[in-house]
**Q** 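My questions all concern the structure below.
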Amino acid sequence: MTIKLYNTASRRKEIFEPLEPGRVGMYVCGVTVYDLCHIGHARSAIVFDVLSRYLRARGFEVTYVRNFTDVDDKIIERAREMGRDPGDIAREYIRAFHEDMARLGVAPADHEPKATEHIDGMIRMIRTLMEKGFAYEVDGDVFYSIEAFRDYGALSGRKMEDLQAGSRVAVDAKKKNPHDFALWKAAKPGEPRWESPWGPGRPGWHMECSVMSSHFLGNTFDIHGGGRDLLFPHHENERAQSIAANGGGFARYWVHNGFVTVDSEKMSKSLGNFLTIRDALETYHPEVLRLFLLSKHYRTPLDFSREAVMDLQAGLLRIYRTLQRLEERIGSPKTDQDPTGALRNPAEGTFPADFVGVMDDDLNTAAAVGLLFEKVREINRLMDEGVSKELLEKERDDLMAAASVLGILRESPRDFELGLAEAAGRLDAGKIEDMIRQRAEARKARDWKTADAIRDRLKEMGVILEDGPGGTTWRPDV
RNA sequence: GGCGGCAUAGCCAAGUGGCUAAGGCAGCGGUCUGCAAAACCGUUAUUCACCGGUUCGAAUCCGGUUGCCGCCUCCA
């Protein structure tokens, strides 16, 4: 079986073959750290987290690089507004990013370089571009000349004429061509600065990704990812710089995730319709959010709404209830083995093979989630039929293999339910158990009226009772 | 203006040439239960925005229409 990925550069799905068999180099554009991240950032981070997990589960050795843009106009502007040091702002939001990602279960990348750590490399690259005739300096600014790069526009599928026709940007008189872009920006008073052959200044935005990707992955590497909005101009420019300066092919597969929208409109700072990860986690359990963001194919826009998220929550809860039942029957899962082992060489017609089949097809997590639910129904059926412990263990291992690639089902079932309840309000376990005892006495006396009244009262408190052969248990009404 | 994407049941969402159009949520009927809850079983799109065309055969390919969205400017 082979993995297929949609390559934005060719606008079609392609069979994925890494440059070096068995090894994958993957670079994903991270965030500019001037504010808290919103759930659009979360989608991107989660999609590429799943891609790296999946590639590893399929036996590839992955080197995953995700950068931080920690020097940039927006950071400088924010610092000025707040009367603070730009470096402090960047550090603060890098910390916030790590906290948010940890809560969402997004694993750290193998390398998380910051732009400011690679200024020397950027200066070297700019010098090379000037020597090769791709860049020119004007009053301490250095620009890339897009006309010098014949292939400019090939990645995003644009023609230079089209670009000019729609341009609304105020043209910088220093530029030879309005779409030339800054490689180096001369520092204005009070701005962060580094010494360079063109005087003090800072790098343009696109430089960092070119330099850091080649530093960690080489001049030609396998996967370059990011949000769809980065395709132009950011990725087009990165590519133009890198190929012009280094030769090589730069990224071989370009993978772009779609946006999170609200009321069908892109979530963005300028529209003011964004929801930060933090705010979302006040209301929704991290795994609910994660499953929601994976419930639609990564390339299509995903509309965020409370109803849609809560629907997924109901579904995830059902999966956890099945895990709870399993635990009661066959005990807790073993934790000392690689959960994804079942995906390595799955036998045809089995659940792991089906899962691999849909994931191989351009990371179809939506279909994968569907398979997960089918498997859950089957496991419940098997438990109703009373099959052997060995079979149930096998079934659970298969389920957990898929779940671990998606990064869900990481909690104990009880913790998950209580976690949901925490968002809805706190429950007093002692009082609840007291009332359950009273109800048990009433039931013993066949006083159904009293028993039902107590149950109703608990329901109002947000507690659901379940009478089973082993007595009554309770769970939060979520 | 240029380029691109999307339109599948009450809602969310897979499926891109051929068995009965996945799955989730919600609803309804049933099994189980003192009654519930949970779980399971059954059920809910003769039809895939609309109009043409290609084909033995299309939700899937082609042309057109409508609607929504994105990129072209910092943006995941």
**Q** What does A:Val260 touch in the nucleic acid at a heavy-atom separation under 4.0 angstrom: a base, only the sugar-phosphate, or nothing?
**A** base
**Q** Check every atom of B:G2, B:C40, B:G24 against the side chain of A:Asn380 and return the nucleotide holding the closest atom.
**A** B:C40
**Q** Which nucleotide in the set B:C71, B:G34, B:A13 lies at the smallest distance from any side-chain heavy atom of A:Arg443?
**A** B:G34
**Q** Could you check which of B:G34, B:A76, B:G23 has an atom nearest any side-chain atom of A:Ser44?
**A** B:A76
**Q** What is the separation between atom OH on A:Tyr27 and atom P on B:A76, rounded to the nearest whole Å?
**A** 13 Å
**Q** Taking the side chain from A:Asp263 and the backbone from A:Glu265, do they hold a donor-acceptor pair closer than 3.5 Å?
**A** no
**Q** Quick one: A:Leu372 CG to B:A22 P, roughly how many Å, whole number?
**A** 19 Å
**Q** Kindly say if A:His179 contacts the phosphate of B:U73, meaning a side-chain N or O under 4.0 Å from OP1 or OP2.
**A** yes
**Q** Between B:G15 and B:C40, how far is it from one P atom to the other, in whole Å?
**A** 25 Å
**Q** Paired with B:G42 by Watson-Crick or G-U wobble geometry, both distances under 3.5 Å: which nucleotide is it?
**A** B:C28
**Q** Could you give the distance separating B:A45 and B:A9 at their C1' atoms, to the nearest angstrom?
**A** 5 Å
**Q** Of A:Asn364 and A:Leu316, whose closest RNA chain B nucleotide lies nearer the 5' terminus?
**A** A:Asn364
**Q** Assess whether atom CZ of A:Arg150 is packed by more than 12 heavy atoms of other residues, nucleotides or ligands within 6.0 Å.
**A** no
**Q** Which of these nucleotides, B:G4, B:A76, B:C40, is closest to any side-chain atom of A:Arg318?
**A** B:C40
**Q** Tell me which nucleotide among B:A13, B:A38, B:C35 gets nearest to the side chain of A:Arg321.
**A** B:A38
**Q** Across the strands shown, which category fits A:Arg439 at heavy-atom distances under 4.0 angstrom: base, sugar-phosphate, nothing?
**A** base
**Q** Would you classify A:Asp467 as touching base, sugar-phosphate or nothing, given that sugar-phosphate means primed atoms plus P, OP1 and OP2, and contacts are heavy atoms under 4.0 Å?
**A** base
**Q** Pick out which of A:Asp361, A:Asp362, A:Asp360 makes a salt bridge (Lys or Arg N to Asp or Glu O under 4.0 Å) with A:Lys13.
**A** A:Asp361
**Q** Would you indicate whether the side-chain heavy atoms of A:Val65 and A:Met212 approach each other to under 4.5 Å?
**A** no
**Q** Suppose we define a pair by two distances each less than 3.5 Å, Watson-Crick or G-U wobble; what does B:C19 pair with here?
**A** none
**Q** For A:Ala314, report the nucleic acid contact type (base, sugar-phosphate, nothing); a contact means any heavy atom under 4.0 Å.
**A** sugar-phosphate
**Q** Any base atoms under 4.0 Å from A:Leu465, or only sugar-phosphate, or nothing? Heavy atoms, all strands.
**A** base
**Q** Send over the distance from A:Arg446 CZ to B:C35 P, rounded to a whole Å.
**A** 11 Å
**Q** Record whether the side chain of A:Arg228 comes under 3.5 Å of the base of B:C71 through a donor-acceptor pair of N or O atoms.
**A** no
**Q** What integer distance in Å separates A:Asp354:CG from B:G23:P?
**A** 13 Å
**Q** Looking at the base of B:A76, is there any donor atom on it, or on the side chain of A:Arg43, that sits under 3.5 Å from an acceptor on the other one?
**A** no
**Q** Around atom CD of A:Glu385, are there more than 12 heavy atoms of other residues, nucleotides or ligands at under 6.0 Å?
**A** yes
**Q** How many Å lie between CZ on A:Arg158 and C1' on B:G5, as a whole number?
**A** 13 Å
**Q** Can you tell me which nucleotide in B:G24, B:A37, B:A14 comes closest to the side chain of A:Glu466?
**A** B:A37
**Q** Counting the atoms with a prime plus P, OP1 and OP2 as sugar-phosphate, which does A:Arg377 contact under 4.0 Å by heavy atoms, base, sugar-phosphate, or nothing?
**A** sugar-phosphate
**Q** Would you indicate whether the side-chain heavy atoms of A:Pro203 and A:His118 approach each other to under 4.5 Å?
**A** no
**Q** Does B:G67 have a Watson-Crick or wobble partner in any strand here, with both distances under 3.5 angstrom, and which is it?
**A** B:C6
**Q** Do A:Thr450 and A:Gln438 touch side chain to side chain, with heavy atoms closer than 4.5 Å?
**A** no
**Q** In whole angstrom, give me the gap between the P atoms of B:G67 and B:C62.
**A** 22 Å
**Q** By nearest nucleotide on RNA chain B, pick out whichever of A:Met310 and A:Lys449 is the more 5' one.
**A** A:Met310
**Q** In this structure, how many angstroms lie between the P atom of B:C71 and the CD atom of A:Glu265, rounded?
**A** 10 Å
**Q** Please measure how far the C1' atom in B:G24 lies from the corresponding atom in B:A14, and state the result in whole Å.
**A** 11 Å
**Q** Under 4.0 Å, heavy atoms only, any strand: does A:Phe259 hit a base, just the sugar-phosphate, or nothing?
**A** base
**Q** How about A:Tyr27 and A:Tyr64: are their ring centres within less than 6.0 Å of each other?
**A** no
**Q** Categorize A:Asp452 for me: base, sugar-phosphate, or nothing, with a 4.0 angstrom heavy-atom threshold over every strand shown.
**A** base
**Q** Do A:Phe68 and A:His98 have ring centroids that are under 6.0 Å from one another?
**A** yes
**Q** With heavy atoms under 4.0 Å as the rule, sort A:Gly40 into base, sugar-phosphate or nothing.
**A** base
**Q** Could you check whether A:Met267 gets within reach of a base, just the sugar-phosphate, or nothing at all, counting any heavy atom under 4.0 Å?
**A** base
**Q** Side chain of A:Lys74 only, heavy atoms from C-beta on: which candidate in B:C74, B:A14, B:G24 is closest?
**A** B:C74
**Q** Answer with base, sugar-phosphate or nothing: what part of the nucleic acid does A:His297 contact at a heavy-atom distance below 4.0 Å?
**A** sugar-phosphate
**Q** Taking only the side-chain heavy atoms of A:Asp311 (C-beta and beyond), determine which of B:C35, B:G24, B:A37 contains the nearest atom.
**A** B:G24
**Q** Taking only the P atom of each, what is the distance from B:C12 to B:A7 in whole angstrom?
**A** 12 Å
**Q** For the side chain of A:Lys266, counting heavy atoms from C-beta on, which of B:A37, B:A22, B:A76 is nearest?
**A** B:A76
**Q** If you count the non-hydrogen atoms of other residues, nucleotides and ligands that lie under 6.0 Å from CG in A:Asp456, is the total more than 12?
**A** yes
**Q** In whole angstroms, how far is the P atom of B:C12 from the CG atom of A:Leu294?
**A** 19 Å
**Q** Using only side-chain N and O atoms of A:Lys296, determine if any of them is under 4.0 Å from OP1 or OP2 of B:A13.
**A** yes
**Q** Taking atom C1' in both B:A13 and B:C6, compute the distance separating them and give it to the nearest angstrom.
**A** 14 Å
**Q** Starting at atom CG of A:Asp361, determine the distance to atom C1' of B:A22, rounded to an integer number of angstrom.
**A** 14 Å
**Q** Within the structure shown, what part of the strands sits under 4.0 Å from A:Glu307 by heavy-atom distance: base, sugar-phosphate, or nothing?
**A** nothing
**Q** So what does A:Arg381 hit on the nucleic acid, given a heavy-atom distance under 4.0 Å: a base, only sugar-phosphate, or nothing?
**A** sugar-phosphate
**Q** Counting any heavy atom closer than 4.0 Å, what does A:Gly258 reach on the DNA or RNA strands: base, sugar-phosphate only, or nothing?
**A** base
**Q** Counting Watson-Crick and G-U wobble pairs only, both distances under 3.5 Å, name the nucleotide matched with B:U47, or none.
**A** none
